[in-house]
2 protein chains.
Amino acid sequence: MSPSNSTPGPTSGLSLEQQICYAMHTTVRAFDAVYRDLLSEHGLSYPQYIALMSVGEHGPLTVGRLGELMHLDSGTLSPLLKRMEAAGLVGRARDPQDERRVLVSVTAAGRDRLAGLGDVPRQIAVRSGLSRAQLLDLQRTLQAVTTALQNADVPTAG
Amino acid sequence: MSPSNSTPGPTSGLSLEQQICYAMHTTVRAFDAVYRDLLSEHGLSYPQYIALMSVGEHGPLTVGRLGELMHLDSGTLSPLLKRMEAAGLVGRARDPQDERRVLVSVTAAGRDRLAGLGDVPRQIAVRSGLSRAQLLDLQRTLQAVTTALQNADVPTAG
DNA sequence: TACTATCAAATTGCGCACAATCTAATTGCC
DNA sequence: GGCAATTAGATTGTGCGCAATTTGATAGTA
């Protein structure tokens, strides 16, 4: 009764639409590996890098606003920011205007860390093997897919 | 709606090549959310679903072989398979030919679980909003990127 | 004022992913 | 046979991500 003795075909079981997600996961982990390679020597993970960039660029941000930018919630961000604070990269302080909010800002050490990174985006682009046009096209596709997936996300809302 | 104050520029700091990875991560999480929506009622996570599919299709597999298929190592697979075994979905047994190896096989309950899932790949394809041709194209791009990233993964090898 | 609802962040619990280490079995070589 | 090197999984420790809950602050209202 083992189904493996006569498989219908080499690619029949895992159909196209499935392999797409499989490919997505694989690609993301490949990206993560390259980021680890580039960032680990600077003591940063990819999420920490994105967070540091976001806070550095957009000034003091609330945890909620940063979560909107990174598409993450406080369950992920709170411990992440705590570690970054412990590393001296960011500062956290309650907003005096609204004590519910916590304002996250980059420290001088955080800016130094960013400045010492070199051109990470260029490294990534080069290693991806894609041209600028291809990258743009891929990005557009991904954004479209994301929007579609998120909008279809509530099937039985009625 | 207030973007706080007057930030230097909306897209100045985060350049193109960077947003590509940002987009990748966001898209993958959107995929994950849809999979959770489809699979959670069946008591499966996405990795468990892929593992169950792989073992079901390719017959008894060693942990190492399954790891090659899923691009995961024993540090991830061992606890995952342990949970699936506890759930009665797969069986694990040392290979009598080589006691180092552990053979993973799908149980009858595992097959039932798979059979009860419905057409998950079609659901994903529909929700992605992409045509079959677009999916194929995206998949090809992702595979190319993955290969490029993995090959560029060893920078100072020479 | 007091009472309720809402909101922001933190916390808890679970699972995935990876690096590093450990254990046990096999292979290779003498 | 005996012993080092290799191989296969499991384990440990850390971090990411999400659901659910909790804590504390702010509105809103009678």
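Here is how names work: the chains are called A, B, and so on, in the same order as the sequence lines, proteins then strands, and each is numbered from 1.
Distance, A:Tyr22 OH to C:dA17 P: 12 Å, rounded to whole Å. With rounding to whole Å, A:Phe31 atom CZ is found 15 Å from C:dC18 atom P. Taking atom CG of residue A:Asp98 and atom C1' of nucleotide D:dT26, one finds them 6 Å apart after rounding to whole Å. Between the CG atom of A:Leu44 and the P atom of D:dT14 there is a distance of 19 Å, given to the nearest Å. For B:Met70 and C:dC18, the CE to P distance is 10 Å, given to the nearest whole Å. Following rounding to the nearest Å, A:Leu81 (CG) and D:dG15 (C1') show an atom-to-atom distance of 14 Å. When rounded to the nearest whole Å, the span between CG of B:Asp32 and P of D:dA19 equals 11 Å. Rounded to whole angstrom, the span from the CG atom of B:Asp73 across to the C1' atom of C:dT21 amounts to 13 Å.
In this structure, B:Lys82 does not reach the D:dG9 phosphate: none of its side-chain N or O atoms is under 4.0 Å from OP1 or OP2. In this structure, A:Arg29 reaches the C:dC18 phosphate: one of its side-chain N or O atoms is under 4.0 Å from OP1 or OP2. For C:dT26, neither phosphate oxygen OP1 nor OP2 lies less than 4.0 angstrom from any side-chain nitrogen or oxygen of B:Arg101.
Side-chain atoms of A:Thr76 lie closest to D:dG17 of the nucleotides C:dA10, C:dG15, D:dG17. The side chain of A:Glu99 lies closest to D:dT26 when the candidates are D:dT26, D:dA19, C:dG15. Considering only the side chain of A:Arg100, D:dT26 comes nearest among C:dG15, D:dT26, D:dG17.
At a cut-off of 3.5 angstrom, counting only N and O atoms as typed in the model, there is a donor on one side and an acceptor on the other between the side-chain of B:Ser74 and the base of D:dA10.
In this structure, B:Leu77 reaches neither bases nor backbone, as no heavy-atom distance under 4.0 Å exists between it and the strands shown. Nucleic acid contact for B:Gly75: base, since at least one base atom lies under 4.0 Å from a heavy atom of the residue. Counting any heavy atom pair closer than 4.0 Å across all strands shown, A:Arg92 reaches sugar-phosphate atoms only and no base atom. Counting non-hydrogen atoms under 4.0 angstrom, B:Ser78 reaches a base of the nucleic acid.
In terms of modelled atom types and a separation under 3.5 Å, the side chain of A:Arg101 and the main chain of A:Arg94 share no donor-acceptor contact.
Between A:Arg36 and A:Leu103, it is A:Leu103 whose nearest contact on DNA chain C lies nearer the 5' terminus. Sequence order on DNA chain D of the closest nucleotides to A:Leu80 and B:Arg94 puts B:Arg94 first from the 5' end.
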Steps toward side chain to side chain contact (heavy atoms under 4.5 Å, CB included) verdict (A:Leu89, A:Val106):
CA-CA 6 Å; A:Leu89 300 173; A:Val106 64; over 6 Å; no
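Looking only at atom types and distance, the side chain of B:Thr146 has no donor-acceptor partner in the side chain of A:Thr26 under 3.5 Å away.
The aromatic rings of A:Tyr22 and B:His71 sit tilted relative to each other, their planes meeting at an angle between 30° and 60°.
Salt-bridge check for A:Glu68 with A:Arg65: passed, with a basic side-chain N closer than 4.0 Å to an acidic carboxylate O.
Separating the CG atom in B:Leu142 from the CG atom in A:Leu142 is a distance of 7.0 Å, to the nearest 0.5 Å.
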